Amino acid sequence: MANPIITLEHVTRTFRVKRETIKAVDDVSLDIHEGEIVCLVGESGCGKTTTGKMLAGVLPISAGKILYRGKDIARLSGRDHKQFRLGVQMIHQDPYASLNPAHTIAAIIAAPLQHHGLTRGEAQTQARVRELLALVDLTPPDDFLEKFPHQLSGGQRQRVSIARALTVNPSFIVADEAVSMVDVSIRISLLNTLTKLKTAMGLGVLFITHDLALAKYFAWEGRVGVMYLGRLVELAPARQLVEQPQHPYTQVLLSAIPEADPEITRHKRRIELRSMDVPSLLRLPTGCAFHPRCPQFLGATCERDVPELLAAHGARVACHLVSRQ
Ligand code: SF4
């Protein structure tokens, strides 16, 4: 396989909260390649957004290393740094907050093109703006050019955010809960647009979501990483993760997904947790952080030893049950 676009090596991020240090992300390692989709899923507070922000260079790491095309992003300067800043773009959850309400859609998309000297002259800029709007399925583009963000629907605003991210010809997109604020029907259409762009432009994508059903749909040809309290607990090709989940937490998440077919739902068994309380990052359980809730809790080993993320049957899994097989 070609060299990865993005490599995370033992990345950790700590924060000071109430005079104590918490690990929002703990020892995460991951490679993402050109044209690959990786979804990060987990409950809120599991560290997925923090991971995305570090990867996009908007939040410094506390330990470890992040490489962009093999180079440590903390040491980049000059041309390499600019290539990274333009090469990795982030799409946020709330497009309304990230689009200037006083500017037209044409002005919003033209600004980065002009700022980075990517087009020459007004005519070329306008042509590129139209091209980008068409690329994100805002057609016909002329219907959108003179509109303001408040005149668009949530889904259309998110398409404008995607078009703006594409102005600088990125090679990697971090999409953080990018479709969670729009209706379900629009979500699928937005995901289809992202998939189309990934294929057409060879984009690598880190798609962050709390919704495993969405991750399953979007990353079907890619991989899914499951995070729990700051750690990656399972990373596997999406099909494999859905059909043969190995980590007990992944199994619990999958068992809670409603199925479209009522017959399947009737026979589906929801796996019960030992406890519904999610531990605080300020008071992390010893050993495996999932042990107070884990339905397959093994006893002292789980309470004492932190499981490593080890290769297991084509996936990587952090669980003592799996490492014993
Ligand atoms: Fe459950 Fe133990 Fe595996 Fe943690 S290490 S997920 S507590 S079986």
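Just so you know, ligand 1 is whichever comes first in the structure, and atom 1 is the first atom listed for that ligand. The structure displayed is predicted, hence computed values, not measured ones.
The cationic atom of Arg231 (NZ for Lys, CZ for Arg) does not lie both less than 6.0 Å from the six-membered ring centre of Tyr228 and within 45° of the ring axis.
The nearest N, O or S atom of Cys294 is not closer to atom 2 (Fe) of ligand 1 than 2.8 Å. At least one N/O/S atom of Cys288, whether from backbone or side chain, sits less than 2.8 Å from atom 4 (Fe) of ligand 1.
In the model, Glu177 has a side-chain atom that pairs as donor or acceptor with a side-chain atom of His210 under 3.5 Å. A donor-acceptor pair shorter than 3.5 Å can be found between the side chains of Tyr68 and Ser171.
Against a heavy-atom cut-off of under 4.0 Å, His247 is close to the following atoms of ligand 1: 6 (S). The distance from ligand 1 to the heavy atoms of Cys302 drops below 4.0 Å at these ligand atoms: 2 (Fe), 5 (S), 7 (S), 8 (S). Against a heavy-atom cut-off of under 4.0 Å, Cys319 is close to the following atoms of ligand 1: 3 (Fe), 5 (S), 6 (S), 8 (S).
Electrostatic pairing of Glu36 and Lys198 does not count as a salt bridge here, judged by no charged N lying under 4.0 Å from a carboxylate O.
Placement of Ile37 and Ile6 in two distinct hydrophobic clusters is found when ILVMFWY residues are connected by side-chain heavy-atom separations under 4.5 Å, directly or transitively.
For atom 5 (S) of ligand 1, the nearest protein heavy atom (residue, atom name, distance) is His320 N, 3.3 Å. Closest to atom 8 (S) of ligand 1, if we only count protein heavy atoms, is Gln296 O, 3.5 Å.
Remark: the backbone N or O of Gly202 is not paired with any side-chain donor or acceptor of Glu34 at under 3.5 angstrom.
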